[in-house]
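Beneath this line is the structure, given in C-alpha cells, with notes to follow.
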Amino acid sequence: MTAEREAALLAEVPKQLFIGGHWVDAASGATLDVDDPATGRVIATIADAGVDDGARALDAAVAAQESWAATPPRVRGEILRGAFDLLQERKEDAALLMTVEMGKPLAEARGEVAYGGEFLRWFSEEAVRITGRYGSNPEGTGRMIVTQRPVGPAFLITPWNFPLAMATRKLAPAIAAGCTSVIKPAALTPLTTLFLVRLLEEAGLPAGVVNVITTTASGPVSGAIIADPRLRKLSFTGSTPVGVRLLKQAADNVLKTSMELGGNAPFVVFDDADLDKAVEGALQAKFRNIGQACTAANRFIVHEAVADEFGRRLAERVKAFRIGRGTEEGVTIGPLIDDKAVKKVGSLVSDAVDRGAILLAGGSAVQGEGSFFEPTVLDGVRAGSDILREEIFGPVVSIIRFTDEADAIAQANATEYGLVGYVYTQDLARGQRLIDALDTGMMGLNTGVVSNAAAPFGGVKQSGLGREGGAEGIHEYLETKYVLTPDPFA
Ligand code: NAD
C-alpha cells in the first residue's frame with residue numbers, strides 16, 4: 001500500500017521547470033535524476049535547467065513584478081492562506097515526499113510540514129501589516145512620509161536538508177511583500193519545491209510571480225541570474241563557503257541579500273541543570289534531521305561534575321535508536337543525504353578518536369544499501385579535533401568539558417559561526433548572563449529546538465546576514481522609501 005502510494009505521488013509531482021505560469025522542459029532537453037538516499041535508487045527524473053532557462057525564469061519574474069507589486073496586500077495574503085489550506089489537505093503526501101527524497105523519518109517530515117506550512121499562514125497575515133510613518137520634521141517646516149515598497153525580483157536558493165521549510169521561509173515573505181521570484185532548490189531534493197509550487201499555482205498565484213528552476217549547474221545558472229541588473233534581491237540558505245562566493249557576486253550589482261549559512265552550535269550543560277531535561281533537549285538538538293540541521297548542536301560543552309553521567313545517559317538512549325528507511329514504522333534515524341556525507345562524518349569521527357576521544361556509542365558507517373551512519377556519542381573530545389571546528393552534519397554527539405562559567409562561555413564562542421546556542425541551567429541569573437554572553441543570533445534556554453515561524457531566525461558572524469520569519473522576515477523583501485513634503489500650513 002505504501003509502495004503504491006509512493007509510486008502514485010512520485011508520478012503526480014511535476015517534473016518540469018515552472019516559468020511564467022507554464023510547466024516546461026529545459027531548453028536543451030537535459031534531465032537530472034533524484035535518488036532516495038535510503039536505497040540509492042532513482043525515484044524521479046526531472047528537467048535540468050541551463051543558463052538560458054534561468055534567464056527565461058528571470059524574464060518571467062521581471063515581467064510580473066509591476067502587477068504583483070500593485071496587487072492588493074489582502075489578495076496576496078489570501079493566496080498564501082489558500083496555499084496553506086491546500087498544504088493541510090495534502091500534508092501526508094508532502095511528508096511522504098520529503099521522506100522519500102531526503103531521508104528524514106516520516107514523523108519528522110510531518111513536523112516539517114507543520115513548521116514549513118506555518119510560514120505560508122504567518123506571512124498571509126503579515127501581508128496586510130506592511131506599515132509606514134507620517135509626521136512633522138523636527139524643524140516644523142515639512143511632513144515626513146516613510147513607506148515600504150517591494151524590493152523587486154528576487155532569486156531564492158535553498159538547501160536539501162529542509163526541502164519544504166526552507167522554500168516557504170523565503171517564498172511566503174517574498175509573495176506577501178509583493179516581490180516576484182525565481183527559486184532554485186537543491187538538485188538533491190527538488191521534488192518538494194515542485195509539489196509546493198503546484199499548490200501555490202492551484203491557490204491562484206498569477207503567472208510569473210514564482211518561477212522554479214532545477215539544475216545540476218548551480219554555479220553557472222545562478223551566476224548569470226545574479227549578474228543580471230534586473231535582479232534586486234538574493235536570498236540564500238546553504239553553506240558558508242557558497243554564501244561567501246554568492247555575496248561577492250551580489251556585490252557587483254549591490255543586491256539586497258539575506259544569507260542563512262552554516263552553524264557550529266554549542267550545547268552548554270551546567271552542573272545545576274535538570275539532567276533529564278538536558279538529555280531530552282540534547283537528543284532533539286542533535287538527532288533531528290539525522291543531525292543535518294544548521295541548528296544542530298555541534299559541540300556539547302558539559303560541566304565536569306555532570307559530564308560522565310550526561311554522556312552515559314545519552315549513549316543509553318542513542319543505542320536504542322532504530323536505523324532504517326524513514327517510511328518504516330518506528331524508525332528514528334534515517335540515511336544521510338549521500339555517500340559523500342557518510343564519508344565526511346566518518347572522517348570527523350576517526351580524527352576525533354585518533355586524537356583521544358572515547359566512543360560511548362556507534363562510530364561507523366552502516367554497511368549495505370543506502371547512506372547510513374550509526375548514531376554516535378564521543379566523550380572527551382580533544383581540543384584541536386576537526387569535529388569541534390567543522391559542521392558535523394550527521395548523527396554524532398561530541399562532548400567536551402568545562403570547569404567554570406567563564407570557561408564555558410569562552411569555549412561556546414570559540415567558533416567563526418554564530419547561529420544558535422543551547423544552554424541548560426536552573427539558575428535564572430546565570431541564564432540571563434548567558435543570553436548576553438553567547439555570540440549567536442538565537443538561543444535555546446532549557447530547550448533543544450528554537451525554530452518557529454513567528455520568530456526571527458538567523459545568525460551572526462559567519463552564520464549569516466538578515467532574519468527569516470517573525471515580524472522581521474518580510475523586511476528582507478521590502479525597501480524603505482522616505483518622502484519630504486513642505487508643510488502646507490507653514
Ligand atoms: P550548499 O551550500 O552546498 O548548497 C545550498 C544551495 O546552494 C543548493 O541549492 C545548491 O545547489 C546551491 N549552490 C551550490 N553551489 C552553488 C554556487 N556556486 N552558486 C549558486 N548556488 C550554489 O549547502 P547544502 O549542502 O545544500 O546545505 C547544507 C548547508 O546549509 C549547511 O552548511 C547548513 O548549515 C546550511 N543551512 C543553513 C540554514 C540556516 O538557516 N542558517 C538552514 C539550513 C541549512
Side-chain angles (χ1 to χ4, degrees), residues 32 34 37 48-49 51 54 101-102 104 112 115-116 119 155-170 182-190 192-193 212-227 231 234-250 255 257-265 288-298 336-338 340-341 344-345 389-394 415-420 440-442 450-453 455-470 473 476:
L32 67 91
V34 182
D48 188 357
V51 169
E101 74 168 336
M102 185 271 160
K104 69 185 72 192
E112 185 175 342
Y115 168 58
F119 289 101
F155 184 34
L156 316 175
I157 303 178
T158 55
W160 52 263
N161 60 344
F162 291 99
L164 182 76
M166 297 303 98
T168 54
R169 210 164 74 175
K170 297 187 189 307
V182 175
I183 184 166
K184 191 202 80 58
L188 291 165
T189 60
T192 304
T193 300
V212 190
I213 50 168
T214 49
T215 180
T216 50
S218 284
V221 172
S222 303
I225 293 174
I226 295 167
L231 186 75
L234 171 64
S235 179
F236 171 77
T237 297
S239 60
T240 296
V242 174
V244 168
R245 184 190 297 190
L246 296 179
L247 270 174
K248 288 179 182 163
Q249 293 174 13
L255 291 183
T257 54
S258 305
M259 293 278 148
E260 297 286 353
L261 308 178
N264 182 352
R288 192 166 71 105
N289 226 33
I290 318 125
Q292 303 167 114
C294 52
T295 50
N298 216 57
L336 293 183
I337 189 66
D338 57 18
K340 221 170 81 195
K344 187 198 155 196
V345 173
R389 200 178 52 246
E390 291 184 30
E391 252 189 317
I392 304 169
F393 247 57
T415 167
E416 71 271 26
Y417 293 107
L419 190 61
V420 62
T440 57
M442 300 179 287
V450 296
S451 302
N452 192 302
F457 188 105
V460 299
K461 294 157 78 180
Q462 291 192 28
S463 287
L465 297 169
R467 294 293 180 268
E468 290 189 322
E476 302 285 319

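Ligands are counted one by one from 1 in listed order, and the atoms in each one are counted from 1 as well. Heavy-atom basis, side chains included; hydrogens, waters and symmetry copies ignored.
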When you look for heavy atoms under 4.0 Å from ligand 1, do you find them on the side chain of Phe457, its backbone, both, or neither?
side chain
Thr168 (side chain) donor-acceptor with Gly116 (main chain) under 3.5 angstrom
yes
Got more than 12 heavy atoms from elsewhere within 6.0 Å of CZ, Arg245?
no
List every atom of ligand 1 that sits less than 4.0 Å from any heavy atom of Pro159, numbering the atoms from 1 in the order shown and giving each element.
26 (O), 27 (O), 43 (C), 44 (C)
Ranking Leu261, Asn298, Ile337 by closest non-hydrogen atom to atom 37 (C) of ligand 1, top hit is Leu261
Could you tell me the residue and atom name of the protein heavy atom closest to atom 36 (N) of ligand 1, and the distance to it rounded to 0.1 Å?
Cys294 CB, 3.5 Å
Locate the shortest heavy-atom distance separating Phe119 from Ala453; write the atom from each residue and the value.
CE2-CA, 3.6 Å
What do you reckon, does Met166 have a nitrogen or oxygen under 3.5 Å from a nitrogen or oxygen of ligand 1?
no
If I apply the N/O under 3.5 Å rule, does Lys184 come out as touching ligand 1?
yes
Does ligand 1 have a heavy atom under 4.0 Å from the side chain of Arg245, from its backbone, from both, or from neither?
side chain
How far is atom 35 (C) of ligand 1 from its nearest protein heavy atom, and which residue and atom is that?
Gly238 O, 3.2 Å
Residue portion contacting ligand 1 (non-hydrogen atoms closer than 4.0 Å) for Ser218
both
Select one of side chain, backbone, both or neither to describe which atoms of Gln292 lie under 4.0 Å from any atom of ligand 1, heavy atoms only.
neither
Run Phe457 and Ser451 through side chain to side chain contact (heavy atoms under 4.5 Å, CB included) and show every step you take.
CA-CA 7 Å; Phe457 188 105; Ser451 302; 3.6 Å; yes
For Thr237, atoms of ligand 1 separated by under 4.0 Å from a heavy atom
5 (C), 36 (N), 37 (C), 38 (C), 39 (C), 40 (O), 42 (C), 43 (C), 44 (C)
Hey, which atoms in ligand 1 end up nearer than 4.0 Å to a heavy atom of Leu246?
19 (N), 20 (C)
Distance-only side-chain donor-acceptor flag, Thr189 / Glu101, under 3.5 Å:
no
Between the side chain of Ser463 and the main-chain N/O of Leu419, is any donor-acceptor distance below 3.5 Å?
yes
What part of Thr158 sits under 4.0 Å from ligand 1 if we count only heavy atoms: the side chain, the backbone, both or neither?
backbone
Backbone, side chain, both or neither: what part of Val242 comes under 4.0 angstrom of ligand 1, heavy atoms only?
side chain
Region of Leu188 that comes within reach of ligand 1 [heavy atoms, distance under 4.0 Å]
neither
Taking the side chain from Glu476 and the backbone from Arg467, do they hold a donor-acceptor pair closer than 3.5 Å?
yes
Proximal ligand 1 atoms for Leu419, defined as those under 4.0 Å from one of its heavy atoms:
41 (N)
the protein heavy atom lying closest to atom 32 (O) of ligand 1 turns out to be Glu391 OE1, 2.6 Å
Using modelled atom types only, decide if a donor and an acceptor are shared between the side chain of Thr240 and the backbone of Leu261 within a distance under 3.5 Å.
no
Quick one: does Arg169 get a heavy atom under 4.0 Å from ligand 1?
yes
Heavy-atom closest contact (Pro185 atom, Thr193 atom, distance):
CB-OG1, 3.5 Å
Would you tabulate the side-chain donor-acceptor contacts of residues 212-226 under 3.5 Å, counting partners in other chains and residues two or more places apart, or write 'none'?
from: Thr214; atom 1: OG1; to: Ala47; atom 2: O; distance (Å): 2.7
from: Thr215; atom 1: OG1; to: Asp48; atom 2: OD1; distance (Å): 3.4
from: Thr215; atom 1: OG1; to: Ala49; atom 2: O; distance (Å): 2.7
from: Thr215; atom 1: OG1; to: Ala217; atom 2: N; distance (Å): 2.8
from: Thr216; atom 1: OG1; to: Asp48; atom 2: OD1; distance (Å): 3.1
from: Thr216; atom 1: OG1; to: Asp48; atom 2: OD2; distance (Å): 2.5
from: Ser218; atom 1: OG; to: Lys184; atom 2: NZ; distance (Å): 3.2
from: Ser222; atom 1: OG; to: Ser218; atom 2: O; distance (Å): 2.7

If the contact criterion is a heavy-atom separation under 4.0 Å, does Trp160 count as touching ligand 1?
yes
With a cut-off of 3.5 Å and sequence neighbours excluded, list every side-chain donor-acceptor pair involving residues 289-298.
from: Asn289; atom 1: OD1; to: Lys104; atom 2: NZ; distance (Å): 2.9
from: Asn289; atom 1: ND2; to: Asn161; atom 2: O; distance (Å): 2.9
from: Asn289; atom 1: ND2; to: Gln292; atom 2: O; distance (Å): 2.9
from: Gln292; atom 1: OE1; to: Ile337; atom 2: N; distance (Å): 3.0
from: Gln292; atom 1: NE2; to: Asn289; atom 2: O; distance (Å): 3.2
from: Thr295; atom 1: OG1; to: Arg288; atom 2: NH2; distance (Å): 3.4
from: Asn298; atom 1: OD1; to: Ile392; atom 2: N; distance (Å): 3.0
from: Asn298; atom 1: ND2; to: Asn264; atom 2: OD1; distance (Å): 3.1
from: Asn298; atom 1: ND2; to: Glu390; atom 2: O; distance (Å): 2.7

Charged N to carboxylate O under 4.0 angstrom, Glu468 versus Arg169?
yes
Any donor and acceptor pair, going by atom type alone, linking the side chain of Glu112 with main-chain N or O of Leu164 inside 3.5 Å?
yes
With atoms numbered from 1 as shown, which atoms in ligand 1 lie under 4.0 angstrom from a non-hydrogen atom of Asn161?
43 (C), 44 (C)
Contact atoms of ligand 1, heavy-atom distance to Phe393 under 4.0 Å:
28 (C), 31 (C), 33 (C), 34 (O)
Tell me which protein heavy atom sits closest to atom 2 (O) of ligand 1, plus the residue, atom name and distance to 0.1 Å.
Ser239 OG, 2.6 Å
